[in-house]
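Working notes for the structure below.
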Amino acid sequence: MKITFSIRYDTKWGESLFIILNDVKYPMQWNDGGMWTVTLETPASALKDYGYAVMKDGLTIRPEWGRHSAKATRFIEDSWIECPKGSVFLRRHQASKFDIPGFRGAGTAVPVFSLRTDDDFGIGDFKDLIPLVDWAAATGQTIIQLLPVTDTTRKGGWEDSYPYSPVSSFAFNPMYIRLQDLGIKEDAAFRRLRSELNALPEIDYPKVFAAKMSYVKKAFRERGGRDLSSKAYCKFIQDNACWLDEYARFCAERDSDDPQYHAWVQYHLDRQFCEVVDYARSKGISFKGDLPIGVSAESADARWHPELFNLDSSTGAPPDFFSKNGQNWGFPTYNWDTMENDGFAWWKKRLRKMSRYFDAFRIDHILGFFRIWEIPAECEYGIDGHFNPAIPYEAGEIEALGLPLEGLFRPDPRHKGTYQPRITPDTSSLEQWQRERFDALYNDFFFHRHDAFWARNARKKLPELLGATGMLACGEDLGMIPDCVPDVMAQERILSLEMACMEKGRPWPYLSVCATSSHDMEPLRLRKIVAGEGDPEPCIVKQILRDHLSSASMLAIFPIQDWVAISASLRREDAAAERINEPADPHHHWKYRFHRPLADLLADKEFVSDMRTLIEESGRNR
């Protein structure tokens, strides 16, 4: 039916109002008295969740705090939903604690695969998060941060252990399924194999994959038919229609089996994770998810939607703190122009699925929303990459400066006949005046030339994505960061990542997450050892954590390895065995496993008391 929407809003010069229905923006007309109106053919379903936004020069400059819901009628008059007094955010969050003025919380970062209990099968699974939640609640934490849990399955080998190269942006990794919940009986053979796999100090990924999937397929044969005809399964299929069928067919083509098997596995993964998520929220604990910046070229997404990707290149990072040759992450860059044509619908679907399970999320490599470091498919290392998008130089501009192309510049493959400076140029043959000119050009190109260009590029995308859900957004903003990044993050109220070992030359702001280390770095103890300072005693680690907890950062999230380092009885003897990833090694085996069953954390009353005291003293307790 045709519905006329109206809302009063006093705009400034150049601003205009848009109504957002089903993720589509419709311009409104200004009328006397500051009333904005528009008449649209609108289905009743669109009225369940809609909103308004202020735009200027094609960018969203102000969203509403919340969303509207209305009954179908010919005339709907709304009032602008203002941000509450005292709030530092632009949008309401689904976890209301994040919107409490001055809220500060503490939490733990841990990969699901690294969790250890007596009930798992050589690798952590979703149900292992329940004892972790109990420990977090007992110690006064409010958040648990996970690495990506999306499916990375190819052939069940070590390549699949890399969590940042998903074969689906929507599907869960089958490795995280709890076998017993599928009706698998714990007979003697099951218990014997489980004991063998759980006794390993690290994950034997290929062996665990083969063992778990054998049991999963057995369960499908025994109960699949009954599940596939259930109302709950039919509802799951309907709710996930935008991705599930494509994913199931992709997997079936890869494995030469039944698409229904793969859909059934996702159904049970969803059920198990939802049970854990609901339990965590009942305890006041939120999960923080991880949004990988890339998707594998060998993925359901790329298979069915190749127009969304640049399949002639891969994503990575230039030489930095983590790798002297740069990093090649091995997945294609995005075709953002095509994505923008439908209002970034793929991203919004992806984030909405995440929001069922996560109250906050980490935007992996947030720089990718400003620009990406793109590496031609024929190149191996990140050092051979270039910016996309970029404002390259014409050959004539370079010649006018008296600079040679050879050794200093590389062709820009997205703009024929233009060039970008090499990230590690060879200036040895230059005269002094040439070196000075090139240094000025280099610094301008990498740190200043693109500021406004990249800022606008990000501001076209980020408000669209952030407005799609109520998750708290946190950005991984380490490395070579142009000035425009912190400005846009501040405008959109995206929390930054702060580390003492990678200072940014300013005090840590409230809108930030402070951490002692990350999955790409040595944990705290190992970092001290590598630096020649020796293995710090528990009291030293406790003071370092206390300093972080007392910071202004809204969230203080530490790796589980760093939390247990305050306990002489719980810490791992070999600190070198606590590292999760080696970013310089593109073929690294992700096999880290926590060295103690999670029940030990809660059972150690002294450890629980020490943690609770640290968190309470910092004012971060729930």
So, for [X] and [Y], which heavy atoms are closest and what is the spacing to 0.1 Å?
{"X": "Ser169", "Y": "Val295", "value": "OG-CG2, 3.2 Å"}
{"X": "His519", "Y": "Ile580", "value": "O-CB, 3.8 Å"}
{"X": "Ala576", "Y": "Leu526", "value": "CA-CD1, 3.9 Å"}
{"X": "Gly156", "Y": "Phe209", "value": "CA-CD2, 3.4 Å"}
{"X": "Arg525", "Y": "Val541", "value": "CG-CG2, 4.5 Å"}

Short side-chain donor-acceptor distance under 3.5 Å, [Y] and [X]:
{"X": "Thr117", "Y": "Asp119", "answer": "no"}
{"X": "Asp270", "Y": "Tyr357", "answer": "yes"}
{"X": "Gln561", "Y": "Trp563", "answer": "no"}
{"X": "Gln491", "Y": "Asp487", "answer": "no"}
{"X": "Gln141", "Y": "Thr139", "answer": "yes"}
{"X": "Ser618", "Y": "Ser550", "answer": "no"}
{"X": "Ser286", "Y": "Lys97", "answer": "yes"}
{"X": "His588", "Y": "Glu582", "answer": "no"}
{"X": "Asn173", "Y": "Thr150", "answer": "no"}
{"X": "Arg596", "Y": "Ser569", "answer": "no"}
{"X": "Gln94", "Y": "Thr469", "answer": "no"}

Ion pair [X]/[Y], N-O distance below 4.0 Å:
{"X": "Asp610", "Y": "Lys542", "answer": "yes"}
{"X": "Asp181", "Y": "Arg271", "answer": "no"}
{"X": "Arg191", "Y": "Asp118", "answer": "no"}
{"X": "Glu492", "Y": "Arg91", "answer": "yes"}
{"X": "Lys591", "Y": "Glu202", "answer": "yes"}
{"X": "Glu186", "Y": "Arg192", "answer": "no"}
{"X": "Glu275", "Y": "Lys127", "answer": "yes"}
{"X": "Arg281", "Y": "Asp359", "answer": "yes"}
{"X": "Arg579", "Y": "Asp520", "answer": "no"}
{"X": "Glu578", "Y": "Arg593", "answer": "no"}

What is the ring orientation for Phe607 with Trp135, classed by angle as parallel under 30°, tilted 30 to 60°, or perpendicular over 60°?
-> parallel

For the pair Phe273 and Phe172, name the ring-plane relationship: parallel under 30°, tilted 30 to 60°, perpendicular over 60°.
-> perpendicular

Polar side-chain atom of Arg620 near backbone of Leu549 as donor-acceptor pair, under 3.5 Å | yes

Is the side chain of Ser161 donor-acceptor paired with the backbone N or O of His589 at a distance under 3.5 Å, no angle test?
-> no

From Asp364, Asp290, Thr152, Asn581, residue fulfilling side chain to side chain donor-acceptor pair (under 3.5 Å) relative to Tyr164 | Asp290

Within the 6.0 Å centroid threshold, strictly below: Trp373 and His386 | no

